[in-house]
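So the structure is just underneath, and the comments pick up after that.
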Protein chains: 2
Amino acid sequence: MTQQRRVILEELQKLDSHPTADEVYERARRRLPRISLGTVYRNLEILSECGLIQKLELGGTQKRFDGRVENHCHVRCIRCGRISDVPMAPLTTIENRIRGASDYEIIGSRLEFIGVCPQCKKEH
Amino acid sequence: MTQQRRVILEELQKLDSHPTADEVYERARRRLPRISLGTVYRNLEILSECGLIQKLELGGTQKRFDGRVENHCHVRCIRCGRISDVPMAPLTTIENRIRGASDYEIIGSRLEFIGVCPQCKKEH
DNA sequence: TCCGTATTAGTAACTATTCTCAAAAGAGAA
DNA sequence: TTCTCTTTTGAGAATAGTTACTAATACGGA
């Protein structure tokens, strides 16, 4: 656990937004000005393999990262790209329903909602 | 509706896999050897805007395209990346449940399952 | 403290996609 | 059909996000 890795983890856990690697880099740089973007990517990868953070491959071109690891789903604003958590029970029911209908061995699921966030709704 | 656009659409409708732009390019090239990759990307974009095909932004680094436009969901094999359709009723129930729980204006949702496809299961 | 391994910063390389632009192909009117 | 105007094309350059490489540095156990 290096200084860099710890700072990246801490910054991510501090936020309840779902930052991109770039945004994590910006924040880490305030505390460690010489940290490199490569280090941020590498550590985000390692931390998500360890299960300390979550890597989100949702819509849009960039991956996002989440300091919360419990199973939960997300809403993405179609206008500004902001991502928020959705307070909702897990999807075990749906997953079970699928198990009969598909010949795949189902491991998990990913549910993402698309909508307009309160702020963008106001600005319209 | 140019020759190129028609060929791209036809090739996509012929398949029940969910090809990447590259795979569509390969197939289109068999019929129009001088077609360019840029043309394929451009037309896939246009066709999906017209609602003649569907653009899938699922997990993984590449976008995929689907000749079927009815609302349905997908399973992705975690080993080989193959994507299959899931025969399942639409998710209006879940979407409605979310509408109360979030302050976003919900427009739609995207549900993807992750699993192991029959072939990879066998090879294991 | 010393030593072997892991990690870093910096940069180059890569991949998927989009953009640019001159040339070619449609499509509508005469 | 031929003329014009607009759209689309092919080829390649440009971009964005991410990953790989490498010499130098930091870590952590004996």
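Chain letters run A, B, ... following the sequence lines, proteins first, then strands; residues in each count from 1.
Nucleic acid contact for Arg5(A): sugar-phosphate only, since backbone atoms but no base atoms lie under 4.0 Å from a heavy atom of the residue. In this structure, Glu45(B) reaches neither bases nor backbone, as no heavy-atom distance under 4.0 Å exists between it and the strands shown. No engagement by Asp22(A) is indicated, since no non-hydrogen atom pair under 4.0 Å with the nucleic acid exists.
For dG10(D), one of the phosphate oxygens OP1 or OP2 lies less than 4.0 angstrom from a side-chain nitrogen or oxygen of Thr39(B). Taking only side-chain nitrogens and oxygens, Tyr41(A) never comes nearer than 4.0 Å to OP1 or OP2 of dT19(D). Taking 4.0 angstrom as the limit, Gln4(A) places none of its side-chain polar atoms (N or O) nearer than this to OP1 or OP2 of dA26(D). A sub-4.0 Å separation between OP1 or OP2 of dT18(C) and a side-chain N or O of Lys63(B) is present. The side chain of Thr2(B) places an N or O atom within less than 4.0 Å of a non-bridging phosphate oxygen (OP1 or OP2) of dT9(D). For dT8(C), one of the phosphate oxygens OP1 or OP2 lies less than 4.0 angstrom from a side-chain nitrogen or oxygen of Arg42(A). Checking the phosphate oxygens (OP1, OP2) of dA11(D), a side-chain nitrogen or oxygen of Arg34(B) falls inside 4.0 Å.
Ion pairing between Glu45(B) and Lys55(B) holds under the 4.0 Å rule for side-chain N and carboxylate O.
What separates CD of Glu49(A) from P of dT7(C) is a distance of 12 Å, to the nearest Å. Rounded to an integer number of Å, the gap from CZ of Phe65(B) to P of dT17(C) is 7 Å. Rounded to an integer number of Å, the gap from Met1(A) CE to dG29(D) P is 14 Å. Atoms CD (Glu23(A)) and P (dT18(D)) sit 11 Å apart, rounded to a whole Å. In this structure, CZ of Arg6(A) is placed 9 Å from P of dC27(D), rounded to the nearest angstrom. Regarding Asn43(A), its CG atom lies at a distance of 15 Å from the C1' atom of dT18(D), rounded to whole Å.
No donor-acceptor pair closer than 3.5 Å links the side chain of Arg76(A) to the backbone N or O of Leu58(A). Panel note: side chain His18(A), backbone Ile83(A); a donor-acceptor pair is recorded below 3.5 Å. Side chain of Gln13(A) to main chain of Glu10(A): no donor-acceptor pair is present (N/O by atom type, distance under 3.5 Å, no hydrogens or angles). In this structure a side-chain-to-backbone donor-acceptor pair under 3.5 Å is present from Glu57(B) to Gly60(A). Put simply, the side chain of Arg82(B) never gets that close to the backbone of Cys77(B): no donor and acceptor are under 3.5 Å apart.
Map Gln3(B) and Leu37(B) each onto its nearest nucleotide of DNA chain C; the residue landing nearer the 5' end is Leu37(B). Of the residues near DNA chain D, Ile46(B) and Lys55(A), the one whose nearest nucleotide (by heavy atom distance) lies more toward the 5' end is Ile46(B).
Which of dT8(C), dA9(C), dT17(C) sits closest to the side chain of Ile35(A) comes down to dA9(C).
Axis angle across the helix from dT1(C)-dA30(D) to dA30(C)-dT1(D), with five pairs used at each end and values rounded to 10°: 30°.
The side-chain heavy atoms of Asp16(A) and Arg68(A), taken from C-beta on, include a pair separated by under 4.5 Å.
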